[in-house]
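Here is the structure we will look at, set down as structure tokens.
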2 protein chains.
Amino acid sequence: MGATKSSEFSAKENLLAKYAKALGHPARIAILKLLVSKSTCQCGDIVEELPLSQSTVSQHLKELKEAGLIKGEIEGAKVCYCIDEKEWKKAQKSLNQLFDSYKGCNECC
Amino acid sequence: MGATKSSEFSAKENLLAKYAKALGHPARIAILKLLVSKSTCQCGDIVEELPLSQSTVSQHLKELKEAGLIKGEIEGAKVCYCIDEKEWKKAQKSLNQLFDSYKGCNECC
DNA sequence: TTATTGTATCGCAATATTACGATGGAAAAT
DNA sequence: ATTTTCCATCGTAATATTGCGATACAATAA
């Protein structure tokens, strides 16, 4: 065993988990912060800003891309990584839906 | 290698990643939904609601507890699991801080 | 053409996660 | 006192993640 039983859960639960999982590593948080902070998308310098090798950063970018949170477009020699606005908002909404559904605990704890 | 280089990132980045990581599995999302939906905290029946064994559920609960999102109090023979309201709100705030910091992308992508 | 530059990907090693059955232990019920 | 119930933890196996160097590859520069 060891494989996650994703198929046993709802699509919504899996989607939310997918977004959260992508956010579940400090390097990916740092990358997203960098992408967010730049109004320009010249993002080839992410590697220089992080204490990780180029191949590791590239892998984290891949995971963020697969989760949908960012997109990468080839621009000549370089690649331009950007937040995917639509998915970004969707992720925020999904997460807040869960958080907001908690209305406090009655007479316990 | 293989160990996460947490120490190379800021406390804030690590905290946010910790919350997100805890949310990064559909079973844990499902558990949180159950805890949220019940106004009462009689939570020993989580196992029955999920397609996972008792030991696996217990482990997921432990992870949620370690991330701070829930707390468990022994109540006689049973254990009462609840959302930790304070941490719950802190997690939501941290996540939204990141999401809200994105103001759209200028002339690219 | 031949470098050079910017990225992606492969292959590997270390570590972490996921899942389960078995076992243990504490409180409640019999 | 014995059994039952509820839950945590141990041990183990399967799989996934993290990280890096080496390499490949495409576009630009020389």
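Order of the sequence lines fixes the chain letters, A, B, ..., with proteins taken first and strands second; residue numbering starts at 1 for each chain.
In terms of heavy atoms, A/Leu23 sits closest to A/Ile29 at O-CD1, 3.3 Å. Looking at every heavy atom in both residues, A/Phe99 comes nearest to B/Trp88 through O-NE1, 3.1 Å.
Residues from residues 14-29 of chain B that place a heavy atom under 4.0 Å from any atom of DNA chain C, listed by number: B/Lys21, B/His25, B/Arg28.
In this structure, A/Tyr81 reaches the C/dA8 phosphate: one of its side-chain N or O atoms is under 4.0 Å from OP1 or OP2. Under 4.0 angstrom from either OP1 or OP2 of C/dT17 there lies no side-chain N or O belonging to B/His60.
For A/Glu85, the side-chain hydrogen bond (donor to acceptor under 3.5 Å, both in side chains) partners two or more places apart in sequence, or in a different chain, are A/Lys89. Looking at residues two or more places apart in sequence or on another chain, you find a side chain to side chain contact (heavy atoms under 4.5 Å, CB included) between A/Gln97 and A/Lys12.
What separates CD of B/Glu66 from P of C/dT18 is a distance of 12 Å, to the nearest Å. Between the CD1 atom of B/Ile46 and the C1' atom of D/dC7 there is a distance of 11 Å, given to the nearest Å. Atoms NZ (B/Lys62) and P (D/dC10) sit 7 Å apart, rounded to a whole Å. Between the C1' atom of C/dT18 and the CD atom of A/Glu8 lies a distance of 14 Å, rounded to the nearest Å. Straight-line distance from the CD atom of A/Glu48 to the P atom of C/dG6: 8 Å, rounded to whole Å. Rounded to a whole Å, the CD atom of B/Gln59 is 17 Å from the P atom of D/dT15.
In terms of modelled atom types and a separation under 3.5 Å, the side chain of A/Lys5 and the main chain of B/Pro51 share a donor-acceptor contact.
Taking every side-chain heavy atom of A/Lys78 into account, C/dG6 is the closest of C/dA19, C/dG6, D/dT18. Nearest nucleotide to the side chain of B/Lys5, out of D/dG19, C/dC20, C/dT15: D/dG19. Comparing C/dA19, C/dT9, D/dT18 against the side chain of B/Thr4 picks out D/dT18 as the nearest. Considering only the side chain of A/Leu52, D/dC20 comes nearest among C/dT9, C/dC20, D/dC20.
Among the heavy atoms of the strands lying under 4.0 Å from A/Glu63 are primed sugar atoms or P, OP1, OP2 only; no base atom is included.
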Identify all side-chain donor-acceptor contacts of residues 56-63 of chain B below 3.5 Å with residues at least two apart in sequence or on another chain.
unit_1	atom_1	unit_2	atom_2	d
B/Thr56	OG1	B/Ser53	OG	3.0
B/His60	ND1	B/Arg28	NH1	2.9
B/Glu63	OE1	B/Arg28	NH1	3.0

Donor-acceptor pairs under 3.5 angstrom involving side-chain atoms of residues 14-22 of chain B: please list them, not counting sequence neighbours.
unit_1	atom_1	unit_2	atom_2	d
B/Asn14	ND2	B/Ser6	O	2.9
B/Asn14	ND2	B/Phe9	O	3.3
B/Asn14	ND2	B/Ser10	O	3.1
B/Tyr19	OH	B/Glu87	OE1	2.8

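Rounding to the nearest 0.5 angstrom, the gap separating the CD1 atom in B/Ile46 from the CG atom in B/Leu34 is 6.0 Å. Atom CG in A/Leu32 sits 5.0 Å away from atom CG in A/Leu64 (nearest 0.5 Å).
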Where do N or O atoms of nucleotides 21-28 of chain C meet protein N or O atoms at under 3.5 Å, pair by pair?
unit_1	atom_1	unit_2	atom_2	d
C/dG21	N7	B/Ser55	OG	3.3
C/dG21	O6	B/Ser55	OG	3.3

